[in-house]
Structure formats: structure tokens, C-alpha cells
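Before any comments, here is the structure.
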Amino acid sequence: MSCECGCGRAVEVVVDNEQPGQPYRLCRPCYGRLDARSLRPLEWFNLATIHSPWKYSLHDDLYDEGGQAMQPNGEVEYEDGLMVAPTLGESARTLPKLLTFIYTQHFLTPEMSSAMRRFDPLSLLFDLESSLQIRTPNPNNIDTACEIAAEVLGSVARDFVRIQMRSADADSFGF
């Protein structure tokens, strides 16, 4: 199994967090950067894609929406610009990349909604359903998927939202 930061190294450390059963699986260098709040933007992005940006170690008190460390306890080491997180513009080219990008953000913006509306509604609904099957199942990802469904798809996604709300803890939803 590979480090969840996307560096390609093997997992050496499994770190529990505030969401039981959803630990971070990291190599030692990435664990050190997570612990020091000095993840590189692409490492933050890869973790937020899996776990959501709402987890304490990835939260907006520590990292901005682009994954820049705001309170590092050490130097953030960059490798010739290779550790940059994707932008909305880069991600909006394909639906899977756009969904991945949105799962790393704290809020659905009008620009993100507009980018989503360029895709076929049924394809978007299918990709939303699929995205929840491949991500770490946590209330934040479900909440984001339902927010996208409500904002962009409306009544087309009614059954999807009902199913998600039935299967999740009612207190986990932010709307």
C-alpha cells in the first residue's frame, strides 16, 4: 500500500485521527510533515481528497484552500514546483478531476457550481455516486456530494440525496 500523500513510498505509519476507522496511512517523511503542519500543497490535496479538508490536521486553520501551510512548525520543502495542488481551472477539464478538486474544498463556490453545470446531469449523478464508493466514507464527503447534488442537479438527484441521508448520521449534515 502506498502513502496517501501520493509520494509513491510504502506506508510506514498509520495515524489515528478524530474520525474512528479512518486513519492516515503515510510514509515516515510525510508523517513528519503532517505532524509539523508543513505538508506540501500536493500532499495536502491528496490527503484532503481521501479524508476531506475538515479533519483537524488538514483544516483551514492550518492550510489554505490551495494547500499552502499557514502555521508550519518547520520549513515547507518544495521540489522545483512539482508539489503544487491542482486549481479549479485545471480540474474543470474533466468531471472526475473536478469532483476530486471540490472534495478538497471547504465550500462549494458559484464558480465550482458553474463548472459542474457544463457536464451532463446524469453523468454528474453517476460520478457523484461512484465518488462516494471510492472515497473514505465520512460525513464530510457525503455532505459535499449532497450539496453538489442539491445545488447543481436539483430534483434529478432527489433519490440520491434521500439515500445518502438515510444511510448517514442525521447530525453529520451541515444543511
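The basis for the numbers below is simple: all heavy atoms, side chains too, and nothing from hydrogens, waters or symmetry mates.
Nearest heavy-atom pair, Asn46 versus Gly6, reported as atom, atom and distance to 0.1 Å: ND2-CA, 3.7 Å. Nearest approach of Pro53 to Trp44, heavy atoms of both residues: CB-CZ2, 4.0 Å. Leu39 approaches Cys30 most closely through the heavy-atom pair CD2-O, 4.0 Å. Closest non-hydrogen pair, Ala149 versus Val161, comes out as CB-CG2, 3.8 Å. Thr49 approaches Thr104 most closely through the heavy-atom pair OG1-CG2, 3.2 Å. The two atoms that bring Ala10 and Cys27 nearest to each other are O-CB, 3.5 Å, heavy atoms only.
Here the CG atom belonging to Asp35 is positioned 8.0 Å from the CG atom belonging to Asn73, to the nearest 0.5 angstrom. In this structure, OG1 in Thr144 is found 10.0 Å from CD in Gln105, a value given to the nearest 0.5 Å. Remark: Ser131 OG to Glu129 CD distance equals 9.0 Å, nearest 0.5 Å. Atom CD1 of Ile148 sits about 10.0 Å away from atom CG of Asp143, to the nearest 0.5 Å. Distance check: Arg93 CZ to Leu88 CG gives 11.0 Å after rounding to the nearest 0.5 Å. Distance check, rounded to the nearest 0.5 Å: NE2 of His59 to OG of Ser57 gives 11.0 Å.
Using a 4.5 Å heavy-atom cutoff, the side chains of Glu151 and Pro110 are not in contact. At least one side-chain heavy atom of Asp16 sits less than 4.5 Å from a side-chain heavy atom of Pro23. Pro86 places a side-chain heavy atom less than 4.5 Å from the side chain of Leu42. Side chains of Leu62 and Leu58 form no contact here, defined as non-hydrogen atoms less than 4.5 Å apart. Put simply, the side chain of Thr100 reaches to within 4.5 Å of the side chain of Phe45, judged on heavy atoms. For the pair Met1 and Arg25, the minimum side-chain heavy-atom distance is below 4.5 Å.
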query = Arg9 and Arg28: side chain to side chain contact (heavy atoms under 4.5 Å, CB included), yes or no, with the steps?
reply = CA-CA 9 Å; Arg9 293 186 198 97; Arg28 289 213 184 279; over 6 Å; no
inquiry  = Show, in sequence, the C-alpha distance, side-chain angles and deciding distance for Phe119 and Leu99, and conclude whether the side chain to side chain contact (heavy atoms under 4.5 Å, CB included) test is met.
reply    = CA-CA 11 Å; Phe119 294 96; Leu99 280 174; over 6 Å; no
Phe101 and Glu90: CA distance, side-chain angles, deciding distance, side chain to side chain contact (heavy atoms under 4.5 Å, CB included) verdict = CA-CA 9 Å; Phe101 175 83; Glu90 295 164 347; over 6 Å; no
Full working for side chain to side chain contact (heavy atoms under 4.5 Å, CB included) between Met116 and Leu95 = CA-CA 8 Å; Met116 297 293 272; Leu95 187 50; 4.3 Å; yes
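Listed for the Asn17 side chain is a donor-acceptor partner under 3.5 Å among the backbone atoms of Gln22. For the pair Glu4 (side chain) and Leu47 (backbone), a donor-acceptor distance under 3.5 Å is absent. In terms of modelled atom types and a separation under 3.5 Å, the side chain of Ser52 and the main chain of Ala48 share no donor-acceptor contact. For the pair Gln164 (side chain) and Cys146 (backbone), a donor-acceptor distance under 3.5 Å is absent. Using modelled atom types, no side-chain atom of Ser130 and backbone atom of Asp127 make a donor-acceptor pair closer than 3.5 Å. With hydrogens and angles ignored, the 3.5 Å screen pairs a side-chain donor or acceptor of Arg118 with a backbone N or O of Ala92. Side-chain atoms of Tyr31 never come within 3.5 Å of backbone atoms of Val15 as a donor-acceptor pair (strictly under, hydrogens ignored). Tyr63 contributes a side-chain N or O that, together with a main-chain N or O of Ser38, makes up a donor-acceptor pair within less than 3.5 Å.
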Show me the donor-acceptor pairs within less than 3.5 Å that the side chains of residues 65-72 make with the rest of the protein, sequence neighbours left out.
from  : atom 1 : to     : atom 2 : distance (Å)
Glu65 : OE1    : His106 : N      : 3.3
Glu65 : OE2    : His106 : ND1    : 2.8
Gln68 : OE1    : Tyr78  : OH     : 3.0
Gln71 : NE2    : Asp61  : O      : 2.7

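Other residues, nucleotides and ligands contribute over 12 non-hydrogen atoms within 6.0 Å of the CD atom of Glu18. When the shell of 6.0 Å around CZ of Arg117 is examined, it contains more than 12 heavy atoms from other residues, nucleotides or ligands.
Grouping the Ile, Leu, Val, Met, Phe, Trp and Tyr side chains by contacts below 4.5 angstrom, directly or via other members, places Val14 apart from Tyr24. Both Leu108 and Met165 sit in one connected hydrophobic cluster of ILVMFWY residues. Membership requires side-chain heavy atoms under 4.5 Å apart, directly or through other members. With hydrophobic clusters built from ILVMFWY side chains whose heavy atoms lie under 4.5 angstrom apart, Phe160 does not share a cluster with Phe126. Val13 and Val11 are assigned to two separate hydrophobic clusters, defined by single-linkage of ILVMFWY side chains at heavy-atom distances under 4.5 Å.
A ring-centre distance under 6.0 Å is found for Phe107 and Trp54.
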